[in-house]
Asks: 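Take this structure first; my questions come after.
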Amino acid sequence: MNDLIIGAVLLFTGNAAVFAQPTHDTHRYGTCQQFDVPINASAEGAIFDLTHIDDNISARSWAIIEDTRTTLRGADRIIKNITISGTFNIHVQLCQPHSSNGAGAIQIATHGGHYDSRYWDSKYQPEQHSYVEAALKAGYPILTYDRLGAGKSDLPDAYSGVQAGLELEILKELTLMARNRSIGSGSTASQSDSPRIIHVGHSFGSFLTSAFIATYPELSDAAVITGYVATEYLALAGYTPWAAQYAKAAQRPFDRTPGYIVNQKSGIQNIFFAGDPDTAFTKELLDYGDEIKQPVPIGELASGYKLVGLPGLNYTGLLHFMLAEFDTFVCAGDCNGVTNATALKKSYPKAAALEVDIQPNTGHALPLHNNATAGFEVSFDFLKRNGF
Ligand SMILES: *[C@@H]1O[C@H](CO)[C@@H](O)[C@H](O)[C@H]1NC(C)=O
Ligand SMILES: *[C@@H]1O[C@H](CO)[C@@H](O)[C@H](O)[C@H]1NC(C)=O
Ligand SMILES: *[C@@H]1O[C@H](CO)[C@@H](O)[C@H](O)[C@H]1NC(C)=O
Ligand SMILES: *[C@@H]1O[C@H](CO)[C@@H](O)[C@H](O)[C@H]1NC(C)=O
Ligand SMILES: *[C@@H]1O[C@H](CO)[C@@H](O)[C@H](O)[C@H]1NC(C)=O
Ligand SMILES: *[C@@H]1O[C@H](CO)[C@@H](O)[C@H](O)[C@H]1NC(C)=O
Ligand SMILES: *[C@@H]1O[C@H](CO)[C@@H](O)[C@H](O)[C@H]1NC(C)=O
């Protein structure tokens, strides 16, 4: 009993101290706060057989080795199984809409590789490119966070400190905290029941979101999976087009340990920007996509296989897949015809509703293309039609 009380007080004091920091919030359709949440988590991980990266040449060699057809993948490259556990500081942004849509749901959005939570909240033309602004405008509270190993969250060892299973547990903890309102209360605090949770993902964040609804189906009420579907085309483009540098030695260096790589700008374009170059995106959007890029720890990539293609046989929530039409990473450049709702229903037989849409003339970084807001609306329409 005493322990519980002390725990609650610490949590409260921790948040209160952070809330006291002045933040200049520029959001138009809601109010946002940024703070760090300490999260205890533990998961099975592994020491993988990986290239040691501590300069530009070894970074490029890593990609070439990864793309070699005979290189071992998945569990076959495990040298040793380990348990990864600790208390990790996770940097979050929590936003409450000025006017709620009354659905009593909160979105939790998980970004992909090469980015942090800013992926969801463009400061460049936010009215056209910030998913957070669009969600607030549509009346949804939204929690975004920097995944472990990215942005302002903790940046553990790149080989064995940041792995898929651990990140899944961190998402679980954030979800439990949103459900019991130890974060994310605000405008919905008057309601005594738990808020419904809408999990949103992009790319590696969608690996996590889809694995989450497969592993913890009872903890998610709706999922919006963007920039990911598990087909034979996923990651066919390989790692070489990333034009990886060692993060610490990059043209714009990052303070990171060995094993963190960062794309050159050409690699950012190769993976994230596609469609008709005259109409799909602008030079400014590509500049912005390069400006907010983040290093990636290679152990996370090596462990990603654990998250991919898990069927959600017990998932009873809503499910929306939003694919970018010309996604290089997910569909080898063309998502038309790679999947459909009938095919996916086999993996999610109990989903309350399932829809697949393709955002036209768009590459992998969906928010950073010209018609982004119309794409966000497609997901919100799906949610609203189904009671969220
Ligand atoms: C987190 O883990 C540490 C070390 O195992 C433990 O002392 C602490 O009580 C845990 N905190 C919570 C909130 O569970
Ligand atoms: C690691 O654990 C997996 C099962 O989780 C097992 O299949 C594999 O053989 C183990 N690998 C090693 C090297 O111990
Ligand atoms: C809410 O959930 C979190 C995550 O599981 C837990 O650490 C915390 O103690 C819970 N808080 C309350 C008030 O139940
Ligand atoms: C690594 O490569 C980048 C891009 O070519 C270059 O700007 C940087 O100077 C290189 N770093 C070192 C230490 O050579
Ligand atoms: C689905 O739920 C049933 C019963 O609740 C359980 O026995 C089964 O293991 C679950 N299947 C999966 C894939 O989680
Ligand atoms: C949907 O996918 C299934 C399985 O791949 C295929 O058999 C079916 O023809 C597709 N339906 C449409 C309308 O494309
Ligand atoms: C913009 O996106 C919407 C939603 O996907 C789509 O209906 C519309 O055709 C797109 N407009 C253009 C010019 O691509």
Side-chain angles (χ1 to χ4, degrees), residues 1-16 37-43 85-90 92 94 106 108 128-129 131 134 138 143 145 168-185 189 192-195 197 212 216 218-219 224 226-227 229-233 274-282 309 311 320-327 331 334-349 354-363 366-383:
M1 184 66 186
N2 265 348
D3 282 349
L4 281 178
I5 291 167
I6 291 165
V9 169
L10 284 176
L11 190 59
F12 175 74
T13 321
N15 282 353
V37 183
I39 290 186
N40 273 7
S42 176
S85 48
T87 303
F88 305 98
N89 267 315
I90 299 297
V92 312
L94 175 63
I106 176 170
I108 299 180
Q128 280 80 46
H129 301 288
Y131 181 84
L143 178 84
Y145 66 104
L168 191 62
E169 293 310 298
I170 291 172
L171 177 56
K172 182 188 182 189
E173 287 304 306
L174 285 172
T175 301
L176 291 173
M177 288 175 175
R179 288 186 91 91
N180 73 14
R181 296 183 195 280
S182 48
I183 49 175
S185 44
S192 55
D193 50 336
S194 293
I197 312 285
F212 188 83
Y216 302 116
E218 68 286 358
L219 295 181
V224 174
T226 75
V229 65
T231 73
E232 68 207 274
Y233 306 110
D276 181 338
D278 292 328
T279 55
F281 61 93
T282 60
H320 187 230
F321 281 86
M322 175 52 98
L323 304 175
E325 184 174 18
F326 298 124
D327 198 315
C331 300
D334 189 350
C335 282
N336 290 295
V338 304
T339 192
N340 62 44
T342 314
L344 287 170
K345 193 81 189 172
K346 287 184 190 132
S347 299
Y348 303 96
L354 191 158
E355 190 173 299
V356 183
D357 285 291
I358 293 181
Q359 180 58 10
N361 198 20
T362 292
L366 292 97
L368 300 181
H369 285 71
N370 282 328
N371 192 25
T373 309
F376 305 154
E377 293 296 332
V378 172
S379 295
F380 301 154
D381 284 350
F382 169 77
L383 293 171

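Remember, it's 1-based here, ligands and their atoms both numbered in the order they're listed. Quick caveat: nothing in here was measured; it's all calculated off a predicted structure. In this chain, numbering begins with 1 at the start of the sequence shown.
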Asks: I'd like to check which ligand 7 atoms, numbered from 1 as shown, lie under 4.0 Å from a non-hydrogen atom of Val378.
Replies: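 Near Val378, the atoms of ligand 7 are 4 (C), 5 (O).
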
Asks: Is a side-chain N or O of Glu169 found less than 3.5 angstrom from the main chain of Ser85, in a donor-acceptor match?
Replies: no

Asks: Determine whether the aromatic ring centres of residues Phe380 and Tyr131 are separated by less than 6.0 angstrom.
Replies: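 Ring centres of Phe380 and Tyr131 closer than 6.0 Å.
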
Asks: What atoms in ligand 7 come closer than 4.0 Å to a heavy atom of Ala374?
Replies: 1 (C), 2 (O), 3 (C), 4 (C)

Asks: Using a strict cut-off of 4.0 Å, indicate which atoms of ligand 7 neighbour a heavy atom of Asn371.
Replies: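 In order of number, 1 (C), 2 (O), 3 (C), 8 (C), 10 (C), 11 (N), 12 (C), 14 (O).
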
Asks: Give me the pairs of N or O atoms, one from ligand 6 and one from the protein, that sit under 3.5 Å apart.
Replies:
from     : atom 1 : to     : atom 2 : distance (Å)
ligand 6 : 2 (O)  : Asn340 : OD1    : 3.2
ligand 6 : 2 (O)  : Asn340 : ND2    : 2.5
ligand 6 : 11 (N) : Asn340 : ND2    : 2.8
ligand 6 : 14 (O) : Asn340 : ND2    : 3.3

Asks: Less than 3.5 Å apart, any donor N or O on the side chain of Asn336 or Glu325 sitting next to an acceptor on the other?
Replies: yes

Asks: In terms of atom number and element, which parts of ligand 3 are under 4.0 angstrom from non-hydrogen atoms of Ser182?
Replies: 1 (C)

Asks: Considering both backbone and side-chain atoms of Asn361, is one of its nitrogen or oxygen atoms within less than 3.5 Å of a nitrogen or oxygen in ligand 7?
Replies: no

Asks: Mind checking side chain to side chain contact (heavy atoms under 4.5 Å, CB included) for Ala343 and listing every partner two or more places apart, or none if nothing turns up?
Replies: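 Partners of Ala343 under the side chain to side chain contact (heavy atoms under 4.5 Å, CB included) test: Thr339, Asn340.
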
Asks: Determine the sole option in Leu171, Leu94, Ile39 for which the side chain to side chain contact (heavy atoms under 4.5 Å, CB included) test with Tyr145 is passed.
Replies: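 Exactly one pass, corresponding to Leu171.
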
Asks: Which heavy atom of Arg179 sits nearest a heavy atom of Glu218, and at what distance?
Replies: NH2-O, 4.0 Å

Asks: List the atom of Ser379, the atom of Val224, and the distance in Å for their closest heavy-atom pair.
Replies: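 Of all heavy-atom pairs spanning Ser379 and Val224, the closest is OG-CG1, 3.6 Å.
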
Asks: Applying side chain to side chain contact (heavy atoms under 4.5 Å, CB included) between Cys335 and each of Thr231, Val229, Leu323, Val356, report the one that passes.
Replies: Leu323

Asks: Pull out every atom of ligand 7 sitting under 4.0 Å from any heavy atom of Pro360, numbered as shown with elements.
Replies: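 Here the atoms of ligand 7 in question are 5 (O), 10 (C), 14 (O).
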
Asks: For the OG atom of Ser194 and the CD1 atom of Ile106, what is their distance to the nearest 0.5 Å?
Replies: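 Reported to 0.5 Å precision, the distance equals 11.5 Å.
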
Asks: What atoms in ligand 7 come closer than 4.0 Å to a heavy atom of Gln359?
Replies: 1 (C), 2 (O), 4 (C), 5 (O)

